[in-house]
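Down below is the structure, laid out as structure tokens.
Just so it is clear, the model here is predicted, and its values are computed rather than measured.
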Amino acid sequence: MADALLTVENLTKSFGDKLLFEDISFGINAGQKSALIARNGYGKSTLLNIIMTAAEGERRANLFAFPSRSSAGGASAAGQRGYNTLQDSGKITFRGDLKLAYLPQSPEAYPKQIVRDFVYNVQRPETEDEWTFEQRIEEILSRMRVDSLLDRPMDTLSGGEQKKVALCRLLMDDCNLLILDEPTNHLDIDMIEWLEEFLSRQRLAILMVTHDRYFLDNVCDNIYEIDNARLYHYKGHYDYYLEKKAEREANERAEVAKARSLYRTELEWMRRMPQARGTKAQARIDAFYELEAKAHTRFDDTRPQLTVKTERIGGKILELYNICYSFGVKGSEEEVKGSERTNVIDDYSYVFKKGEKIGIVGPNGVGKSTFLNIITEKLKPTSGRVVVGQTIQFGYYTQAGMTAPADRRVIDLVKDIAEEIELDNGKSMTAHQFLTYFGFDGTTQYNYFGNLSGGEKRRLYLLQVLMANPNFLILDEPTNDLDIYTLQILEQFLQTYKGCLIIVSHDRSFMDHIVDHLLVFEGDGKIKDYHSNYTQYRLSRLQDIKSSRQQVKKTASAARNLDNSKTKIPQKKKATYKEQKEYESLTAEIEVLTAEKADLEAKLSGGLMTDASEITKASTRIGKLMNILDEKELRWLELDELM
């Protein structure tokens, strides 16, 4: 770990009787991109907060951290002290030149500050020239669609908008270690795909918590997993992690099986030996207790297929006829002229069929949640008809989540809905068994709602929706705050679900595994059907964009040729000897100048120049080269017409 920016040694943390992790050690090296994964409530965010508490405790000058709504430090301003989660034991060391930036899962708002002032309050890195720095800032703001929020006060933004602004600010910062807690929450798919490409080409180190498996796989090449209070390191992508995790668990099961066999023999010996009568006997007794602990190791066995019984679906399910929804430009409900209204849904019709599994995708703010509220009749359309079948029972999982008294136990909240859950095979599960299936162990089931992690609360809300046995299930961003393990359980459940299903999600892996039909919200009220999963749709879309660009080029080229044929008056049918020599000379000069420009740009963008005067000189030279190339290429094009 000689090159480690961050080193964690023998770290232990528990809350009461719950041990999160024990004696874990790891390091983050320069340029290393790592993911931290674990079940909800196993200590991912706690570990990040411990690291930030240590960083703030050193009063590091090169630290930019957003306060978290869930942190005990609360309302401190960005970059100031606000984290106070301490480890029980262990040591955290930071390299002297570390420049650390941290984005919590729920960053705190900053009242009395305009977005523009906040995001532009960043210092240009010494290794980056001013033009490149400005271009990078503009790219970040436009691709994250924060450029339209620049004149708004921070405290008027929604939670999702605040996180986007916070993420932009961190991406602009001059840091060499970026720590991110669920960075893809509240981003649409286009933003996520841009973000993973952006992070992949940066040379900084990253440690992030994410549930998005495609995002993890495309950005990270190291995975740390917290499991049963221990830390495991996998040097590879997500598929490699799954393979090696399976191998590790198989080896552990074999060792435990061997220990259980030996344990029975040693147990008989212990029963015959009333007390230790010598050093060897005492050593055997000590070994017995170690063997006993290993023999009693328990594993999460593969869960059986589970299909909850749904209410019978009649012939009529859900029918939409010429649905329109619009609102005034200022968002008021007053009647305004059609030209002053914004269309969210424009004349959309669809008849839902039995067993359909539909995914909804589109940028943020184009009306996906509005559409769900219309079909569940929580919102009336501006015009058109919604016809819901008499047998339809909706189960609607919203982004808002659930609220419950902090002093209610998890098991009691579930029993309020049902003591038993009927299954499709005629059997039933108790509330305790259903909670266990979705990853709530016995201790957590009797924990108080207020003590649950954010992911555990979302999982409990999801479970409550499923327990009502709906035959038309609607999930609006169900993957937010859920861990990868829960997503796998949910995928298995939904794949066998026999009712109708609508999912709005930015998680491409989740969508690919569940849906085979997409409703794509393209903006301006337009909704298009695609009978494919997301990856197939994305590839088709990219091919269409490529074909469209090629067609534009062909059309432009044809137009230029037509214009030239009408206006060009040939003065020379062939180039003179002098012009041929000039053409050959220009070709060689342009090649040399282009290579010089590319070399300088590579040195600047790659951080190979550190001296300020050297950087300024290189930037000036690039500007001159661009002007020279423009002149020479223009003359070369003129001569090329004569060749």
(request) Output all residues satisfying side-chain hydrogen bond (donor to acceptor under 3.5 Å, both in side chains) with Q464, sequence neighbours left out; order by chain, then residue number. (result) none

(request) Indicate yes or no: at least one non-hydrogen side-chain atom of C220 is less than 4.5 angstrom from one of Y241. (result) no

(request) Assign the ring pair H517 / H531 to parallel, tilted or perpendicular, where the plane angle (0 to 90°) is split at 30° and 60°. (result) parallel

(message) Ring centres under 6.0 Å, that's the criterion: do F472 and F352 meet it?
(response) yes

(message) Any heavy-atom pair between the side chains of L103 and L178 that's under 4.5 Å?
(response) no

(request) Please step through side chain to side chain donor-acceptor pair (under 3.5 Å) for the pair T444 and N447, ending with a clear verdict. (result) CA-CA 5 Å; T444 308; N447 200 353; 5.7 Å; no

(message) Assess the residue pair I527 and Y350 against the criterion (side-chain contact (heavy atoms from CB on, under 4.5 Å)); give the C-alpha distance rounded to whole Å, side-chain angles, the decisive distance to 0.1 Å, and a yes or no.
(response) CA-CA 11 Å; I527 304 174; Y350 190 78; over 6 Å; no

(message) Under a 3.5 Å distance rule, please check whether K33 uses its side chain to pair with a backbone N or O of Q202 as donor and acceptor.
(response) yes

(message) Just by distance, no angles: are the side chains of Y42 and D483 close enough, under 3.5 Å, to form a donor-acceptor pair?
(response) no

(request) Check whether the side chains of E422 and N469 place a donor and an acceptor atom closer than 3.5 Å, and report yes or no. (result) no

(message) Strictly below 4.0 Å, N to O, side chains only: are R116 and D151 in salt-bridge contact?
(response) yes

(request) Please determine if R145 and D188 form a salt bridge, counting it only when a charged side-chain N lies under 4.0 Å from a carboxylate O. (result) yes

(message) As a quick check of understanding, evaluate side-chain contact (heavy atoms from CB on, under 4.5 Å) for L372 and Y396, giving each step before the final call.
(response) CA-CA 9 Å; L372 300 183; Y396 189 6; 3.3 Å; yes

(request) Side-chain contact test, heavy atoms from C-beta onward, threshold under 4.5 Å: evaluate it for M172 versus V119 and give yes or no. (result) yes

(request) Evaluate whether atom NZ of K245 has more than 12 neighbouring non-hydrogen atoms of other residues, nucleotides or ligands under 6.0 angstrom away. (result) yes

(message) Measuring only between side-chain heavy atoms, which start at C-beta, is E161 closer than 4.5 Å to V115?
(response) no

(message) Please check this pair: side chain of R136 against backbone of I140, looking for a donor-acceptor N/O pair closer than 3.5 Å.
(response) no

(request) Answer yes or no: is there a donor N or O on one side and an acceptor on the other, between the side chain of H506 and the main chain of I189, under 3.5 Å? (result) no

(message) Strictly below 4.0 Å, N to O, side chains only: are R169 and D173 in salt-bridge contact?
(response) yes

(request) Over 60° means perpendicular and under 30° means parallel, so classify the ring planes of F371 and Y348, tilted if in between. (result) perpendicular

(message) Under a 3.5 Å distance rule, please check whether Q445 uses its side chain to pair with a backbone N or O of H432 as donor and acceptor.
(response) yes

(message) Taking D512 first and then R538, would you say they form a salt bridge - that is, a charged N and a carboxylate O separated by under 4.0 Å?
(response) no

(request) Might you work through the side chain to side chain donor-acceptor pair (under 3.5 Å) test for N322 and D347, ending with a clear yes or no? (result) CA-CA 4 Å; N322 308 108; D347 194 25; 2.8 Å; yes

(message) Using side-chain contact (heavy atoms from CB on, under 4.5 Å), reason through H211 and N480 one step at a time and then give a plain yes or no.
(response) CA-CA 8 Å; H211 66 270; N480 281 357; 4.3 Å; yes

(message) Is it the case that over 12 heavy atoms from other parts of the model lie below 6.0 angstrom from the CG atom of D407?
(response) yes

(message) Does K378, at its NZ atom, have more than 12 non-hydrogen atoms belonging to other residues, nucleotides or ligands within less than 6.0 Å?
(response) no

(request) Please check if the side chain of R459 supplies one atom and the backbone of G439 the other of a donor-acceptor pair under 3.5 Å. (result) yes

(message) Counting only heavy atoms from other residues, nucleotides and ligands, does the tally under 6.0 Å from CZ of R385 exceed 12?
(response) no

(message) If only side-chain N and O atoms count, and only distance matters, is there a donor-acceptor pair under 3.5 Å linking D476 with T398?
(response) no

(message) If you apply the rule side-chain contact (heavy atoms from CB on, under 4.5 Å), what do you find for D212 with R508, and how did you get there?
(response) CA-CA 8 Å; D212 190 320; R508 297 154 292 171; 3.7 Å; yes

(request) Inspect the contact between K498 and E356 and indicate whether a charged nitrogen and a carboxylate oxygen are less than 4.0 angstrom apart. (result) no

(message) If you take the centroid of each ring, where Trp contributes its six-membered ring, are Y461 and Y397 closer together than 6.0 Å?
(response) yes

(request) Determine, stepwise, if the pair H513 / Q495 fulfils side chain to side chain donor-acceptor pair (under 3.5 Å). (result) CA-CA 8 Å; H513 287 134; Q495 284 165 353; 5.7 Å; no

(request) Output yes when a side-chain donor or acceptor of S428 lies under 3.5 Å from a complementary backbone atom of I421, and no otherwise. (result) no

(message) If you apply the rule side chain to side chain donor-acceptor pair (under 3.5 Å), what do you find for E196 with N218, and how did you get there?
(response) CA-CA 7 Å; E196 66 187 19; N218 290 330; 3.1 Å; yes

(request) Would you confirm whether Q162, through its side chain, and L157, through its main-chain N or O, come within 3.5 Å as a donor-acceptor pair? (result) yes

(message) Quick check on Y120: does its OH atom have over 12 non-hydrogen neighbours (other residues, nucleotides or ligands) under 6.0 Å away?
(response) yes

(message) Looking at F449, I'd like to know if the NZ or CZ of K457 sits under 6.0 Å from its six-membered ring centre while staying within 45 degrees of the ring's axis.
(response) yes

(request) Could you tell me whether the side chain of Q492 and the main chain of I489 form a donor-acceptor pair under 3.5 Å? (result) no

